[in-house]
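Residue numbers begin at 1 in each chain, while the letters A, B, ... track the order of the sequences. The shown structure was predicted, so the numbers you read here are calculated from the model rather than taken from an experiment.
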Protein chains: 2
Amino acid sequence: MSEKWLRTGQVAEAAGVNAQTLRYYHRRGLLQEPQRSNGGHRLYPPETVIALRVIKVAQRLGFTLDEVADLIETIGHRHGRPNSGLQARATAKLAEVEQKIADLQLIRQTLVQAVDAGCDDLVACAASPCCPLPFSDLAGGGHRVDVG
Amino acid sequence: MSEKWLRTGQVAEAAGVNAQTLRYYHRRGLLQEPQRSNGGHRLYPPETVIALRVIKVAQRLGFTLDEVADLIETIGHRHGRPNSGLQARATAKLAEVEQKIADLQLIRQTLVQAVDAGCDDLVACAASPCCPLPFSDLAGGGHRVDVG
DNA sequence: TTGCATCTCGTACCTAGGTACAGGCTTACC
DNA sequence: GGTAAGCCTGTACCTAGGTACGAGATGCAA
């Protein structure tokens with residue numbers, strides 16, 4: 001590997017992240033602290049850009065930063081050897097994603113029904129037995145789903 | 001309406017929310033401040049329980065508290081008259097939910113591919129041209145989806 | 001050597017939707 | 001009237017993933 005060191009801003013730009021985010025990732029244990037110049041400025045090896053891409057891809061797949069940190073640590077420990085645990089974790093994440101999709105599809109259904117039924121006054125709907133909105137199954141601890 | 005006043009704890013329990021949440025909703029403009037006893041304790045009309053159910057249903061449908069507050073204000077202004085805007089907002093929310101489902105389905109696809117391809121080392125994958133993980137389309141501002 | 005861009009650190013702030021705590025007052029019941 | 005439960009306020013804290021700011025040091029080119 002050619003030792004062409006990069007400064008914080010260069011790494012950030014190359015990876016498409018904010019420079020502050022790099023420090024944040026160091027704090028979170030997602031990136032190792034790199035070498036420093038004599039004056040204390042960080043000097044990154046070019047591989048750091050790859051590391052950031054890996055993090056971003058994992059996030060896109062629905063992993064939290066804690067999960068990504070954990071994954072990276074495991075990879076660090078067994079680099080080059082099989083079974084980093086990625087398979088198992090991806091499978092578990094897949095189940096989570098599928099659950100989330102199912103939740104959203106239920107919400108979608110309900111919205112469609114509300115639109116089809118012409119619901120226009122939530123207070124009246126809450127009192128009406130024929131409104132499709134799920135006012136009645138609230139008491140029994142409905143779980144929330146974030147939609148964005 | 002029969003004036004059987006309820007105290008904070010009674011409303012909270014009847015609606016299945018934390019008592020602190022009531023205060024929070026007051027602050028957020030989701031609930032009007034009710035009457036007070038001489039000693040300063042809040043005295044709610046029974047309708048407040050319905051109002052809370054309405055809020056919770058709207059949340060379940062994917063509306064943020066800001067959106068719910070807005071919806072409630074509109075309803076307050078045009079109560080009993082048609083066109084509260086709920087139809088339009090539900091339709092817009094439906095589009096959001098559908099977008100979210102589509103995003104998650106893409107993520108699901110990618111996870112399935114990663115599992116099928118036996119991906120086990122993210123760093124190696126990032127360097128490989130045949131890995132299904134989307135390392136290459138990162139530069140162009142990928143949007144994040146929360147999976148939870 | 002000057003001057004400006006970049007970087008350092010610590011700390012605070014942001015969204016969203018709440019929850020918790022402390023110290024003191026009120027209400028309800030016996 | 002005593003006592004315990006409930007409620008009041010203000011303020012701080014929580015998760016998750018960052019972003020912003022200020023003061024001061026460094027790096028680099030002319």
Can you give me the closest heavy-atom contact between B:Leu65 and B:Leu30, atom names plus distance? O-CD2, 3.6 Å
D:dG6 OP1/OP2 closer than 4.0 Å to side-chain N/O of B:Thr8: no
Return the nearest nucleotide to the side chain of B:Gln59; candidates are D:dA20, C:dG17, D:dT26. C:dG17
The side chain of A:Arg42 lies closest to which of these nucleotides: D:dT26, C:dC9, D:dG17? C:dC9
Rounding to a whole Å, what distance do you find between B:Gln10:CD and C:dT27:P? 14 Å
May I have the distance from A:His41 (atom NE2) to C:dA5 (atom C1'), rounded to whole angstrom? 11 Å
Donor-acceptor pair, distance only, cut-off 3.5 Å: does the side chain of A:Thr91 make one with the backbone of A:Gln87? yes
D:dG17 P sits how many Å from A:Lys56 NZ, rounded? 10 Å
Whole angstroms only, please: what is the CZ-P distance between A:Arg36 and D:dT26? 13 Å
Between P on D:dG17 and CZ on A:Arg27, what's the gap in Å once rounded to a whole number? 14 Å
Side-chain donor-acceptor contact under 3.5 Å, A:Arg89 with A:Thr74: yes
Is there a donor and acceptor pair, one atom on the side chain of B:Arg23 and one on the base of D:dG10, closer than 3.5 Å? yes
Nucleotide D:dC14, atom P - distance to CG of B:Asn18 in whole Å: 17 Å
Which listed nucleotide (C:dT19, C:dT26, C:dT8) is nearest to the side chain of B:Ser37? C:dT26
Which nucleotide in the list D:dG18, D:dA20, C:dA20 gets nearest to the side chain of A:Gln20? D:dA20
Whole Å only: how far is the CH2 atom of A:Trp5 from the P atom of C:dC7? 16 Å
Taking the minimum atom-to-atom distance to the side chain of A:Tyr24, which one of D:dC28, C:dT19, D:dG18 wins? D:dG18
Picking from D:dG17, C:dG18, D:dC8, which would you name as closest to the side chain of B:Thr21? C:dG18
Rounded to the Å, how far apart are A:His26 NE2 and D:dG17 P? 18 Å
What's the closest nucleotide to the B:Leu65 side chain, out of C:dG17, D:dC8, C:dT8? C:dG17
Beyond-backbone contact of B:Arg60 with A:Ile107, side-chain heavy atoms, under 4.5 angstrom: no
Check whether any side-chain nitrogen or oxygen of B:Tyr25 sits under 4.0 Å from OP1 or OP2 of C:dG18, and answer yes or no. yes
With respect to B:Tyr24, which candidate in B:Arg28, B:His26, B:Arg27 satisfies the side chain to side chain donor-acceptor pair (under 3.5 Å) definition? B:Arg28
